[in-house]
Amino acid sequence: MSEQGSERQKRSEIDRRKFVLHSVGLGAGALTLSRLPKARSRRNQQAAGTPLVVTSHSNETGGEAMRQAWEILDGGGTALDAVERGANVIEVDPEDSSVGYGGLPNENGVIQLDASIMDGRTYNAGAVASLENIKTPSSVARLVMERTDHVILVGIGALEFARSFGFQEEDLHTERSRAAWLRWREEHSDRDDWGPPDHLRNLPSPGPDGRDANRDANSGATGPGTNSGLVDQPLDFHYGTTNVLAVDSNGDISGITTTSGLSWKVNGRIGDSPIIGAGLYVDNDIGAAGATGRGEDVIKSCASFYIVLRMGQGRTPQEACEDACELIVQKYRNVNPNFFPSEKFVAVNKAGEYGAASMGNNRGRPRMTVRNAESLQVHEGTTLYTG
Ligand code: GLY
């Protein structure tokens, strides 16, 4: 055999061994997976589902969104229709600077919206990213889910898709959002998003003067007046976003996450909201989770998927949201122990339990609006790590 031939034979022997090893790994995985459906079908028999709908918005618009979403659930409608209705109410609110119409723009003054939707019943998902000129991106995301074999459409493609379904293009700026951007542009330079990521900057700790302290995971989501002062006070970075999660009387679960994303973001930046597993995740046998806050952390930690996974392992929604905060803090511990980002997580499970947790935003406990058969109420979760 030539030297080349023997070399090839050696390589194929190594490849074969690698394959055998890999197959053993796969076999073990397959064994674990094949057990899952049985465990899950037992869960299904236990809980048909307790209807509720929640949003991470706790202001008046959040309350109105939950009232309208509950009407659908109460009338026997689906979780999918309920979350879309709820999200639309928040998206079209001109006073809300974190979502849809009147959202804060990118560095060029252009409002680019991200949204995702997931339907637990059909294990289907859709999303749009960097969508311009359409007030209700979550409805476009729903059409991506239902009318294409894709999950995410971005930019001009998403806009053309929306137009083809009859969505009207509109200027998404309000007087307020435009004035806020003009003011930011006059003042920015050392507070923009160019340069290394936040957690690698040489900050002793997030504090009153720290850049991170200026970023608010709950922007537009914690109460009336949260967005006031956009024009006449020092300008903050805003990660404001909303999640709407619902369980219907059939026990089917759906969720939406929708946002105008980080204010003054680098043109083309996409956050966690349109990324399934990051800003949103739904499992019809378990529950749903959504994220607001610094999307970069949520993407790296696949936080919403992780929360649902933890609930599947027996954690309550509250505990699972706290687990996600813990996961992120642990990851940063070796890199910058003083870095506590500003995420907020909300979750529900099939049994109608709910929870919220946040960290590092120095703005009190995270709130969410909850509507179930008992009441419409603002619930406070827990804050871990205030930095
Ligand atoms: N969580 C919203 C964003 O980072 O864009």
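Positions are given from 1, in the same order as the sequence printed here. No experiment lies behind these values; they were computed from the predicted model shown. Read the numbers this way: they start at 1 and go in the same order the structure lists the ligands and their atoms. Below, each value reflects all heavy atoms present in this structure, side chains not excepted, and no hydrogens, waters or symmetry copies.
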For [X], the ligand 1 atoms whose distance to one of its heavy atoms is below 4.0 Å:
X      : value
Asp272 : 1 (N), 2 (C), 3 (C), 4 (O)
Gly271 : 5 (O)
Leu262 : 5 (O)
Gly295 : 4 (O)
Gly261 : 5 (O)
Thr241 : 1 (N), 2 (C)

Pair up each side-chain donor or acceptor in residues 271-281 with any protein partner under 3.5 Å, not counting sequence neighbours, and list the distances.
none

(request) Using a 4.0 Å heavy-atom threshold (strictly under), name the region of Ser273 that reaches ligand 1: side chain, backbone, both or neither. (result) side chain

(message) Could you check whether Arg185 pairs with Glu107 (Lys NZ or Arg NE/NH1/NH2 to Asp/Glu carboxylate O, under 4.0 Å)?
(response) no

(request) Identify whether the distance between the nearest side-chain nitrogen and carboxylate oxygen of Arg142 and Asp81 falls below 4.0 Å. (result) yes

(request) Determine which pairs satisfy ring pair (Phe, Tyr, Trp, His ring centres under 6.0 Å) with at least one residue from residues 92-128, sequence neighbours left out, and list them in order. (result) none

(message) Which option wins on minimum heavy-atom distance to atom 4 (O) of ligand 1: Lys265, Glu296, Arg269, Arg294?
(response) Arg269

(request) Please check if any side-chain donor atom of Asp93 sits under 3.5 Å from a side-chain acceptor atom of Thr61, or the reverse. (result) yes

(message) Exactly one of Ser138, Ser254, Ser139 should register a side chain to side chain donor-acceptor pair (under 3.5 Å) with Glu84. Which one does?
(response) Ser139

(message) Using salt bridge (charged side-chain N to carboxylate O under 4.0 Å, His left out), reason through Arg315 and Asp323 one step at a time and then give a plain yes or no.
(response) CA-CA 9 Å; Arg315 302 285 277 169; Asp323 291 345; 2.8 Å; yes

(message) Using a plain distance cutoff, I'd like to know if Gly293 has any nitrogen or oxygen under 3.5 Å from a nitrogen or oxygen of ligand 1.
(response) yes

